Enquirer: 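Sharing a structure here in structure tokens format.
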Protein chains: 2
Amino acid sequence: MALELRDRDTGVYDAYKAKPYPPHNPEAKARPIPLSPCNCCAAHKKAICASLDGTELHRFRKLSQVRLVKAGQSIYRELDPANYLYTVVSGEARLSSLLNDGRRQVTDFRACGDKLGEHIQGYYSANAEAITDMIVCQIPLPELQARMSEMPGLRVSLMEKMETEINQMRSHLMLLGRKTPIEKVATFLVERAKKFESATAENTDIGLSMSRRDIADYLGLTIETVSRTLTALKTKGVVSIPSPDQISVLDMMELKYLAGIE
Amino acid sequence: MALELRDRDTGVYDAYKAKPYPPHNPEAKARPIPLSPCNCCAAHKKAICASLDGTELHRFRKLSQVRLVKAGQSIYRELDPANYLYTVVSGEARLSSLLNDGRRQVTDFRACGDKLGEHIQGYYSANAEAITDMIVCQIPLPELQARMSEMPGLRVSLMEKMETEINQMRSHLMLLGRKTPIEKVATFLVERAKKFESATAENTDIGLSMSRRDIADYLGLTIETVSRTLTALKTKGVVSIPSPDQISVLDMMELKYLAGIE
DNA sequence: CGCCCAGTTGATTGAGATCAAGAGGGGTGG
DNA sequence: CCACCCCTCTTGATCTCAATCAACTGGGCG
């Protein structure tokens, strides 16, 4: 019968065992940075602290710490005690979960203004790793709780972030469950172009800070399929690929069509 | 080349076109029910209103309406203006999204005490349909907003619901992106057993209110694969299937193992 | 200079989708 | 009450596309 209850120890996913993801390195994970005011922070306007002003912001700033995380380092791991809520100031992070045998699902990429630190019952519910050098701003969770009681706006803006997150996850579920590889890759490129379009004036160049493996694990594909699909898009004249981490969209309409615009 | 940019109009998903999902029926969608106190509501302890007491609860009750929705009817549709937040009192609902060509992703099933009504910028972000006869409690969103400002506990418990939701969605992403059909079905059964175990004393009977198509669209599979996988589990002696909507778990340890306990 | 690793490309395989047919069960109407 | 239909679920046969296996390329770095 085609559909057997295959033993999961038979090495189906040997590729993952052969090349494990880099180990956790808690000591080296973060470097403190001197205090500087929030209102000149690159992430301030997009982050939860945007809802604060004047003295509130100042008090909030004193509770938080800015840290540098180098590319490849872990910010926190699944099942670590959750001590902080993080805001990405610069750089990009990858959120992921693992199965016992090493299969990985990347659940999101987080950039400037995004938060990090989803947790459940006091423990982080995913792995967060820097995929570029990063600056993050961390605030201890107990302090945040206290601040939220005093400043309802803080809780409101955190809730809004969560609503956005839920809606993004919903389309990600659709992507993983029902889209074809071409639709997946096209959707990924369109979303990425959208996320960063405000930054770069009018060009549709997309920077990929993450590896093909990261993209594959985000889209529920293999690296080979991601690579082949990008080549197919290039062949069709929809994109050009100056370098592996640089995609230039030549035909955004077509790309959106291929993405299956919802 | 195997990986072509296939035209999405070529009828790949004809099965969906041939049997469209039932149309929306806004008039018949809900029937008001006489007022009764919240503290005898089946969902009260699990729902967001659990954080209220005494006069607060009474005021809250007067703002909300209880309605009966028959199996198969729509509660709201994606892109409808979002007017209410719902709490499921009894029965079960299905949340889903559609692609243009009819492919469907079921994002969640909601039962007693769960909320309904995720929205973005004033519009519902998914379809909610009753899969059994249901009783739901609806509160107008503007009223809820106002109440939340006065009663912070309400906002806190709504946030907690959202956190739970995000964590469930994360494991759903892992399931859709990286799990095999057996793992998907086993996970679904384990989760379902967990969700309803408190209700039924000690037996591990699982009631399936939803069709095979619903399960397939939830797990990112076809109905055939769901059916075959259930049969495989039965053949292996892990479950018995007294009737299509009734699963009895004979070996919960094995089922959890097959689910790839995260 | 040559190693190493990420990415690409090619060949083959196999799991799950698709296509097709049969079984069971509930509801309706004669 | 039974016969028929309809619809869902199951089971079987076949096919296809993405995974797997494998080889090659090129750029960065010691």
Side-chain angles (χ1 to χ4, degrees), chain A residues 1-8 10-22 71-72 103 131 176-185 208-217 219-235 239 241-247, chain B residues 1-6 8 10-22 71-72 103 131 176-185 208-217 219-235 239-247:
Chain A
M1 185 197 294
L3 246 170
E4 272 159 23
L5 298 178
R6 167 164 34 81
D7 188 326
R8 268 178 293 98
T10 50
V12 177
Y13 296 96
D14 272 351
Y16 285 89
K17 288 179 185 163
K19 281 205 178 182
Y21 297 102
R103 277 172 290 171
I131 54 175
L176 289 175
R178 287 302 181 216
K179 287 195 173 180
T180 64
I182 299 102
E183 291 169 335
K184 287 178 175 185
V185 171
L208 301 181
S209 343
M210 68 291 287
S211 69
R212 291 290 185 271
R213 170 162 291 278
D214 290 340
I215 298 174
D217 286 348
L219 300 177
L221 298 170
T222 59
I223 49 177
E224 292 94 331
T225 301
V226 170
S227 183
R228 275 186 247 272
T229 307
L230 284 171
T231 304
L233 287 170
K234 186 175 69 180
T235 308
V239 304
I241 309 179
S243 77
D245 63 349
Q246 189 83 5
I247 308 277
Chain B
M1 186 196 290
L3 246 171
E4 273 159 25
L5 298 177
R6 167 164 36 82
R8 269 179 292 100
T10 50
V12 177
Y13 296 97
D14 271 353
Y16 285 89
K17 288 178 186 162
K19 283 204 178 183
Y21 297 103
R103 277 173 290 172
I131 55 175
L176 290 175
R178 287 299 181 217
K179 287 195 174 180
T180 64
I182 299 102
E183 290 168 335
K184 286 178 176 184
V185 171
L208 301 181
S209 344
M210 67 292 288
S211 68
R212 291 290 185 272
R213 171 163 293 277
D214 289 340
I215 299 174
D217 286 348
L219 300 178
L221 299 171
T222 59
I223 48 176
E224 292 94 332
T225 300
V226 171
S227 183
R228 275 186 246 272
T229 307
L230 284 171
T231 304
L233 287 171
K234 187 175 68 179
T235 307
V239 304
S240 70
I241 310 179
S243 77
D245 62 349
Q246 189 82 7
I247 308 278

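Chain letters run A, B, ... following the sequence lines, proteins first, then strands; residues in each count from 1. Being a predicted model, the structure only gives us computed values, none of them experimental.
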Enquirer: B:S227 has a side chain; which of C:dT8, C:dA11, D:dC9 sits nearest to it?
Expert: D:dC9
Enquirer: So, taking the atom named OG1 in B:T225 and the one named CG in B:L219, what distance separates them when rounded to the nearest 0.5 Å?
Expert: 10.5 Å
Enquirer: Please answer whether the main-chain N or O of B:T180 pairs with a side-chain N or O of B:E183 as donor and acceptor at a distance below 3.5 Å.
Expert: yes
Enquirer: Return the CG to CD1 distance between B:L233 and B:I182, rounded to the nearest 0.5 Å.
Expert: 8.0 Å
Enquirer: Does D:dT11 have OP1 or OP2 sitting under 4.0 Å from an N or O in the side chain of B:T231?
Expert: yes
Enquirer: How close or far is atom C1' of C:dA15 from atom NZ of B:K184, stated in whole angstroms?
Expert: 12 Å
Enquirer: Report the nucleotide, chosen from D:dC9, D:dT20, C:dT8, that has the shortest atom-to-atom distance to any side-chain atom of B:S211.
Expert: D:dC9
Enquirer: Could you tell me whether the phosphate oxygens of D:dA19, OP1 or OP2, come under 4.0 Å of any side-chain nitrogen or oxygen in A:T225?
Expert: yes
Enquirer: Rounded to whole Å, please give me the gap between CD in A:Q246 and P in C:dG7.
Expert: 14 Å
Enquirer: Starting from P on C:dG7, measure out to CD1 on A:I241 and report it in whole angstrom.
Expert: 12 Å
Enquirer: What is the separation between atom CD on A:E224 and atom P on C:dT13, rounded to the nearest whole Å?
Expert: 16 Å
Enquirer: Atom OG of B:S227 and atom CG of B:L221: how far apart are they, to the nearest 0.5 Å?
Expert: 12.0 Å
Enquirer: Kindly say if B:R212 contacts the phosphate of D:dT10, meaning a side-chain N or O under 4.0 Å from OP1 or OP2.
Expert: yes
Enquirer: Tell me the interatomic distance from B:E183, atom CD, to C:dA15, atom P, rounded to whole angstroms.
Expert: 14 Å
Enquirer: Could you tell me how far apart B:D245 (CG) and C:dG26 (P) are, to the nearest whole angstrom?
Expert: 10 Å
Enquirer: Is B:R103 reaching over with its side chain to a backbone N or O of A:R178, donor-acceptor style, under 3.5 angstrom?
Expert: yes
Enquirer: Quick one: is C:dG16 close enough that its OP1 or OP2 comes under 4.0 Å of any side-chain N or O from B:T222?
Expert: no
Enquirer: In whole Å, I'd like the distance from the CZ atom of A:R178 to the C1' atom of D:dA18.
Expert: 16 Å
Enquirer: Measure CZ/A:R228 against C1'/C:dT9 and give the value in whole Å, please.
Expert: 7 Å
